[in-house]
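The figures that follow rest on heavy atoms only: side chains count, while hydrogens, waters and symmetry mates do not. Quick note on labels: first sequence line is chain A, next is B, and so on, each numbered from 1.
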2 protein chains.
Amino acid sequence: MDFGVRSQPVSARDAVYAQLREQILKLELPPGTPLSENETSVLFGVSRTPVRESFLRLAQEGLVQVLPQRGTFVSLIDTALVEEARFMREQLERAVIRLACGEFPQEALTRLEMNIRQQEVCIEAQDDKSMFELDESFHRILFDGCGKRNIWAVMQQMNAHLNRSRMLRLVDDHNWAHLYEQHRLMLEAVKAKDGAGAERLMTEHLSLNIADQALLKEKYPNYYK
Amino acid sequence: MDFGVRSQPVSARDAVYAQLREQILKLELPPGTPLSENETSVLFGVSRTPVRESFLRLAQEGLVQVLPQRGTFVSLIDTALVEEARFMREQLERAVIRLACGEFPQEALTRLEMNIRQQEVCIEAQDDKSMFELDESFHRILFDGCGKRNIWAVMQQMNAHLNRSRMLRLVDDHNWAHLYEQHRLMLEAVKAKDGAGAERLMTEHLSLNIADQALLKEKYPNYYK
DNA sequence: ACTACCATACTACCATACAAGTATGGTAGC
DNA sequence: GCTACCATACTTGTATGGTAGTATGGTAGT
């Protein structure tokens, strides 16, 4: 019986796309890695067509670069793009959390509470992977609750670049406790409907991401453009 | 000799994509129109492959909807999506024009001046098509001047939906004179480095877009979801 | 030793064939 | 006349062959 855990029968194309995207974001496929349609197709056990289509989709999102008749490569991290992504995210997150302070469905509020609790558990367990996902979820729930899930979706496109940079940072420094505390305070502000305070917290929260972009570029020079 | 007017040899895929996109945005292919991979391929004189790939790209941008084994259709206009697009654009345009009031390259300022002059000409000539493009250019130049062209690019993705709605409105009412006046005032504000004033003008300017979404939905019910 | 050249082995792009699912119109049975 | 069914003609998804352009390593000539 199908319990509806996956509403779509997942095409080969989507499966390949999803897996490649994840590997690129997690830096398992580091920037600059060449990707071959042929190799990938035998790896996934499908033909070149779905592989090619997934490459095109990744290219549109800027995660890979397709050079006609030469090859396809995982994109190098573009610092300018990362900063633009951060800027964009800051503007939208601020606007959304201010909205959330005005009107916010109870259901979404509950999900935020649950998310926070889960963060506590993951910090104790030092589960970085889950923590990263919970961080993402926290912000997505805010957008969801404000009826702005499409904005979240297109933002994710630029976020992909920002996230690769964040991922590099996490190798050295986790600092989840600090991020957790900020999440907690933001939730408090939303519940107290303190728009100005929430905006300020969000700005602070997101400014952490960009802190030492230049240092990273020095440390991992061949990952950057 | 190649004067470099086109840096890329334009693949068949990109040609098909660009033309379909324009026809969809200009409502020459109205919402709901079925698109056949086969028909389109003979129409453009290419095989199904590049057509299919262009369909996939349009689908990712939400301009067409692909129903596996059933067909591909030009997406209906989603009012919720239009409102999200407007909201997103407002936040980003406000932030950018405020930036522009702080620091803005002379070269971009000159392009804005030129753009304004061209608008004057087009209004006299009642050239709607050019006016629409100049309107777009005006805002793009602002993003460009602030080094935010990638943000503009991803924003265009959601803007596609907003623009179809705007296009419907233009059938009845042009009102270019008003928009021109607002553009002119915004340029003045940027030159005077009046951030607060520029933001206010921009908010006003963009709020026009959404005015009578409900009316449009009543007038063209089968274009909307 | 160094350079120019060329065969070779890649690459992505496009065309085409086949597979699998869906809508539809006609027909047999009631 | 009405309904259930099925052949058929669609649709998109996938596989594969062929083409043109590019990078590369080896070789002949200097």
Side-chain angles (χ1 to χ4, degrees), chain A residues 1-2 4 6-21 23-24 29-76 222, chain B residues 1-2 4 6-21 23-24 29-76 222:
Chain A
M1 178 182 277
D2 185 352
R6 53 195 183 117
S7 51
Q8 299 286 338
V10 260
S11 63
R13 159 172 33 104
D14 293 343
V16 173
Y17 163 78
Q19 188 150 348
L20 285 179
R21 180 183 158 91
Q23 290 186 352
I24 292 174
L29 289 172
T33 308
L35 292 177
S36 160
E37 284 184 5
N38 265 315
E39 276 185 36
T40 310
S41 70
V42 299
L43 197 65
F44 282 86
V46 298
S47 83
R48 281 174 13 233
T49 303
V51 171
R52 173 178 168 74
E53 289 174 351
S54 72
F55 279 15
L56 288 175
R57 187 163 168 191
L58 290 168
Q60 197 189 339
E61 296 180 1
L63 288 178
V64 307
Q65 189 169 12
V66 177
L67 304 177
Q69 272 66 28
R70 284 201 277 178
T72 301
F73 307 87
V74 177
S75 297
L76 297 179
N222 33 2
Chain B
M1 176 182 279
D2 185 352
R6 55 198 180 113
S7 51
Q8 299 285 339
V10 261
S11 63
R13 170 186 59 228
D14 293 343
V16 173
Y17 164 78
Q19 187 150 349
L20 285 179
R21 182 176 209 272
Q23 291 187 352
I24 292 173
L29 289 172
T33 309
L35 292 177
S36 160
E37 288 184 4
N38 264 315
E39 275 185 37
T40 310
S41 71
V42 300
L43 197 65
F44 282 85
V46 297
S47 83
R48 263 186 61 209
T49 304
V51 170
R52 175 177 169 74
E53 289 173 352
S54 74
F55 278 18
L56 287 175
R57 186 162 168 191
L58 291 168
Q60 197 187 339
E61 297 180 1
L63 287 178
V64 307
Q65 189 169 12
V66 177
L67 305 177
Q69 272 69 30
R70 286 203 278 178
T72 300
F73 307 86
V74 177
S75 297
L76 297 178
N222 34 359

Return the 5'-most residue of the pair A:T49, A:L67 with respect to DNA chain C, ranking by each residue's nearest nucleotide.
A:L67
What is the first contacted nucleotide of DNA chain D and what is the last, in 5' to 3' order, if contact means an atom lying under 4.0 angstrom from a heavy atom of chain B?
D:dT11 to D:dT14
Find the distance between OG1 (B:T49) and CD (B:E53) and round it off to the nearest 0.5 Å.
6.5 Å
Taking for each residue the nucleotide of DNA chain D with the nearest heavy atom, is it B:E39 or A:V46 whose nucleotide lies nearer the 5' end?
B:E39
Heavy atoms only, 4.0 Å cut-off, all strands: where does A:L35 land among base, sugar-phosphate and nothing?
sugar-phosphate
For A:L58 and A:L20 the tightest heavy-atom approach is CD1-CB, 3.8 Å
What's the shortest heavy-atom distance between A:F55 and A:T40, and which atoms?
CZ-OG1, 3.7 Å
Would you say the side-chain atoms of B:R21 and B:Y17 include a donor-acceptor pair closer than 3.5 Å?
yes
For a side chain to side chain contact (heavy atoms under 4.5 Å, CB included) with B:R57, tell me which candidate from B:L63, B:V64, B:D14 qualifies.
B:D14
How many Å lie between CZ on A:F55 and C1' on C:dT11, as a whole number?
11 Å
Check whether A:S41 reaches the backbone of A:R48 with its side chain - one donor and one acceptor, N or O, closer than 3.5 Å.
no
Select from A:G45 and A:Q69 the residue whose nearest nucleotide in DNA chain D is closer to the 5' end of that strand.
A:G45
What's the CZ-P distance between A:R70 and C:dC10, to the nearest Å?
18 Å
Just how far, in rounded Å, is P of C:dT11 from CD of A:E37?
9 Å
Applying a 4.0 Å non-hydrogen cut-off, can you work out what B:R48 is touching in the nucleic acid: base, sugar-phosphate, or nothing?
base
A:N38 CG to C:dA9 C1', in whole Å, measures 12 Å
Any base atoms under 4.0 Å from B:R13, or only sugar-phosphate, or nothing? Heavy atoms, all strands.
sugar-phosphate
Under the 3.5 angstrom rule, does the side chain of B:S54 hit a backbone N or O of B:R13 as a donor-acceptor pair?
no
Whom does D:dT27 pair with, Watson-Crick or G-U wobble, provided both distances fall under 3.5 Å?
C:dA4
